Amino acid sequence: MTLIESFYPVLKPWLFRLDAERAHTFTVKMMIIAHRLGMLKSVVPGPQQPRSVMGLTFPNALGLAAGMDKSASAVEAWGALGFGAVEVGTLTPRPQPGNPKPRLFRLPEHEALINRMGFNNPGIQSAVKKLQQRRTKAVVGVNIGKNFDTPNEDAVSDYLICLKAAYSVADYIAVNISSPNTKGLRDLQAEGAVRELISALKKEQAVLQQEHGKQVPLLVKIAPDLNEMQIEALARVFNEQSIDGVIATNTTIERTAIKGHRLANETGGLSGAPVRERSNQVLQAFRMLLKEQIPLIGVGGIVSGADAVEKMKAGAALVQVYSGLVYRGPGLVREVLEKIKP
Ligand SMILES: Cc1cc2nc3c(=O)[nH]c(=O)nc-3n(C[C@H](O)[C@H](O)[C@H](O)COP(=O)(O)O)c2cc1C
């Protein structure tokens, strides 16, 4: 066991006494410092477990989900810890502060979080600048969105700005149309809207590929709160537009799993254990409907190695974690990697 793994259980009770967002900011800063001091030891057990997906070589199948490193300030540290991929963002064309605080809540009884951050981020240019210095071997995905005050009619232009800005530094681009905390964003999942958005982005991707001489895969991140008809419509568009990958899923606005909890009525997206079942159902549904060559990244509710195995069985080529890391710390990275060895 590495120092950081044994340290987390000691640190956790103290962190959990802090406001959730302050604890998060503190932890990320600590990670950066620990890495700079050479104290961050990889928790990867045994030899690396590379996976080839979308033409990219991932050092292993576990990635850090979007939202943990919105500003791309700690990619080196996450890579050094052992993640095979780090998805930074969501980033928008212009910087924005996000929603008023408090906007992040812990529900330890459920190993869950509720957040309504609202895309607080320093803007795409700031992240691109940081990523120009990257040295990590981890695959770096850039998750992009629209500014809160950009009307949906102009959303395509926001995503295009971000795609063009991030293309040279990203290994893949994730198009986020599934955050519940930006008004109207999920409406972009409607068949007509998503077709318009993806076809514009795919066209631009072809232009950028010529310009930069490299192919950067384009993925779409979807919500767990989709009915059967919506899933079928989305899969139709993804197949027809030959999207490069799908990330399933974002947080849920459903509250049945935490009914009666004092924080159940907080507005925002619920993540962690309570989203797992629905997330897996949506993942499985897309695996059945999507062309075989379109890979899925499974995210939502992985709080143990067994949960990660379950996601791979449901059809994920790769997996990601966020909330599980808050509850389990770096030990979760080791446990997942031990369980999902190829
Ligand atoms: C505090 C917080 C912020 C998040 N921010 C983003 C974001 O900016 N963009 C995004 O695509 N997903 C975001 N997510 C969603 C996660 O990437 C992930 O899809 C979701 O939390 C489910 O995974 P989990 O159960 O492992 O947490 C956020 C989640 C949390 C808890």
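Since this is a predicted model, take the numbers as computed values, not measurements. Numbering of ligands and ligand atoms starts at 1, following listing order.
For ligand 1, one of its N or O atoms has an N or O atom of Lys70 under 3.5 Å away. Between Asn115 and ligand 1, no pair of N/O atoms sits closer than 3.5 Å. For the pair Ser323 and ligand 1, the shortest N or O to N or O distance falls below 3.5 Å.
Under the 4.0 angstrom criterion for non-hydrogen atoms, Ser179 is not in contact with ligand 1. The closest approach between any non-hydrogen atom of Thr249 and ligand 1 is below 4.0 Å.
Using modelled atom types and a 3.5 Å distance limit, the side chains of Gln205 and Tyr167 yield no donor-acceptor pair.
Counting only heavy atoms of the protein, atom 16 (C) of ligand 1 lies nearest to Ala66 O, 3.5 Å.
For the side-chain hydrogen bond (donor to acceptor under 3.5 Å, both in side chains) with Asp149, the lone residue among Gln96, Arg94, Lys183 that qualifies is Arg94.
Within the 4.0 Å heavy-atom criterion, the part of Lys221 lying near ligand 1 is the side chain and not the backbone. With a heavy-atom cut-off of 4.0 Å, Asn121 does not touch ligand 1 at all.
Salt bridge Glu240/Arg195: present, at least one basic N to carboxylate O contact under 4.0 Å. Salt bridge annotation for Asp69-Lys130: absent, with no cationic side-chain nitrogen under 4.0 angstrom from a carboxylate oxygen. A salt bridge is defined here as a Lys NZ or Arg NE, NH1 or NH2 lying under 4.0 Å from an Asp or Glu carboxylate O, and Glu5 with Arg334 meets this definition.
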